[in-house]
2 protein chains.
Amino acid sequence: MNDANILIVDDEPQIRKMLSITLQSSGYRVIEAETGKEALTLVANHPPDLILLDLGLPDQNGQEVLRHLREWYSNPIIILSVQSSETEIVTALDSGANDYLVKPFRTGELLARIRSAIRKTSERENAHASEFGDLTIDFASRTVKRNNQILKLTSTEYSLLILFAKNEGKVLTHQYLLKQVWGPTYINESQYLRVFVAQLRKKIEMNVNRPTHIVTESGVGYRFLSN
Amino acid sequence: MNDANILIVDDEPQIRKMLSITLQSSGYRVIEAETGKEALTLVANHPPDLILLDLGLPDQNGQEVLRHLREWYSNPIIILSVQSSETEIVTALDSGANDYLVKPFRTGELLARIRSAIRKTSERENAHASEFGDLTIDFASRTVKRNNQILKLTSTEYSLLILFAKNEGKVLTHQYLLKQVWGPTYINESQYLRVFVAQLRKKIEMNVNRPTHIVTESGVGYRFLSN
DNA sequence: CTACGTTTATAAAGAAAATATTAAATCATT
DNA sequence: AATGATTTAATATTTTCTTTATAAACGTAG
């Protein structure tokens, strides 16, 4: 019925088993990995539709695995974490996790989050064009229209806008944006971001002095809104 | 009706009796302990849903008992203390007590505190997009809404609010808040806290002069309520 | 009740940090 | 070499943080 592939990354066999059974009985196909390393190779060969990643892995830090994955894996990643580690959750969200669950969690909660994460990506993929207020982005043809006028964007501007659009409403940190658009060695080049955000705003905002699409979150990053 | 187990830890038999009767007539099941030691073994075998702990125990300092309990016991602990000892209360709250009552207290007050503490734990599931009355906090997208309007918070305001929200109903001392949000060297900068609490209240309270979300506990700290 | 000291609240000014803007220099591609 | 894009740099603007001053609230003692 569901037909989506889910990878579980957790070192505790009981937890894997528990999750596995829950998910399978909901119609998902399940793959399991015990270590971060195993997870990375599995994903490379068989990219799943969603990953459930326990942050408390033994071999390497779960955060590391997450960062590695995010260099090229773009489907949803939901992290599992123990109560105590709030900063860990924040870090993980910053490095591109889509959602998180605090252990222990109810299975209803788990399934709901999985459903919503998968729904979002499938919407995105099926939607050949997305609307954000006066902006229309056509992913297939890589064109952006504002009030039906085609905008001329450079490729960097376009990737930045796409990244924003894919994360509508969510605050994206400087580091995340820089890493995604320019690559991991550019994490500290905040000035790039400022320049390109300014350029984008000139093209997509009605009033550049009062941006409504790309909103600044001072000290943190930016947030894209459709209005 | 209530069906929750409450442990009373107090060395004075009359007080135990009084409390016991009050609680039982409200439908709680009650266990009693006279000494800290007794309390610890009782809790180990039969973890109650809530503990009422008198700080003035004879055999060991009530504070010690509290710290020991908090190493593994996570349900609410409400401490009872005499008027004079404000520092004692602060110490206890910092070592993990959820709330405090100053003797002598009205039984209505006692029952109200107990009710709210217990409700909190039963509700505390995987709050993710947490609801607090008219406030909604979505940790994944770093978004706070009031009546569905996105609030613009600075990063310090946000961290403070998050900290409050994660400890709904619990009294947080000035020192604790300062340490968590600004760092351990800021423990004495109470004025910061006042300024930022005022700013937060301006943004989240319906009537700033009668705050219902962030409530002042004079001489001790603040408490976040959802309403 | 009143006066006093203590704590808390608020506003506002100054300092610091972060962001925006602009333009020129550099680079890459044709 | 010409074009367009990116990078760098300099400067302006805005936002946030910190500090100070003052007012209000609260509890206590006389």
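Note on naming: letters A, B, ... go to the chains in the order of the sequence lines (proteins, then strands), and numbering restarts at 1 for each one.
Phosphate proximity of D/dT16 to B/Y158: absent, as no side-chain N or O sits under 4.0 Å from OP1 or OP2. Between B/S190 and C/dT7 there is no side-chain N or O to OP1 or OP2 distance below 4.0 Å. The phosphate of D/dT14 has neither OP1 nor OP2 within less than 4.0 Å of any side-chain N or O from A/S218. Contact between the side-chain N/O atoms of A/W182 and the OP1/OP2 oxygens of D/dT6 is not found at any separation under 4.0 Å. Phosphate proximity of C/dA11 to B/K202: present, with a side-chain N or O under 4.0 Å from OP1 or OP2.
Counting only N and O atoms by type, the side chains of B/T216 and B/S218 include no donor and acceptor under 3.5 Å apart. Neither side chain, A/N188 nor A/H174, offers a donor N or O lying under 3.5 Å from an acceptor on the other.
Formation of a donor-acceptor pair under 3.5 Å by the A/R194 side chain with backbone atoms of A/V197 is not found in this model.
Rounded to a whole Å, the CZ atom of A/R194 is 17 Å from the P atom of D/dT11. Atoms CD1 (B/I89) and P (C/dT7) sit 14 Å apart, rounded to a whole Å. Distance NZ (B/K203) to C1' (C/dA9): 17 Å, rounded to an integer number of Å. In this structure, A/N188 places its CG atom 13 Å from P of C/dT19, rounding to the nearest Å. The separation between A/L153 atom CG and D/dG4 atom P is 16 Å, rounded to whole Å. We find that CZ of A/F196 is positioned 8 Å from C1' of D/dT7, with the value rounded to whole Å. For the pair A/Q191 CD and C/dT21 P, the computed distance is 12 Å after rounding to whole Å. Spacing between atom CG of B/N207 and atom P of C/dT10 amounts to 10 Å, rounded to whole angstrom units.
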Task: Pair B/R16-B/E12, salt bridge (Lys or Arg N to Asp or Glu O under 4.0 Å): steps then yes or no - done: CA-CA 6 Å; B/R16 284 208 307 276; B/E12 292 170 70; over 6 Å; no
Task: ring pair (Phe, Tyr, Trp, His ring centres under 6.0 Å) between B/F224 and B/H213, intermediate numbers included - done: CA-CA 5 Å; B/F224 183 80; B/H213 280 305; 5.7 Å; yes
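For A/T156, taking side-chain heavy atoms from C-beta onward, the closest of the listed nucleotides D/dT7, D/dT6, C/dA9 is D/dT6. Side chain of A/Y222, nearest nucleotide from D/dT6, C/dT21, C/dT19: C/dT19. Comparing D/dT16, D/dT8, C/dT19 by their closest approach to the side chain of A/H174 singles out C/dT19. Checking D/dT6, D/dT16, C/dT10 against every side-chain atom of B/V195, the shortest atom distance belongs to C/dT10.
Judged by distance alone with a 3.5 Å cut-off, no donor-acceptor contact links the side chain of A/E217 to the base of D/dT15.
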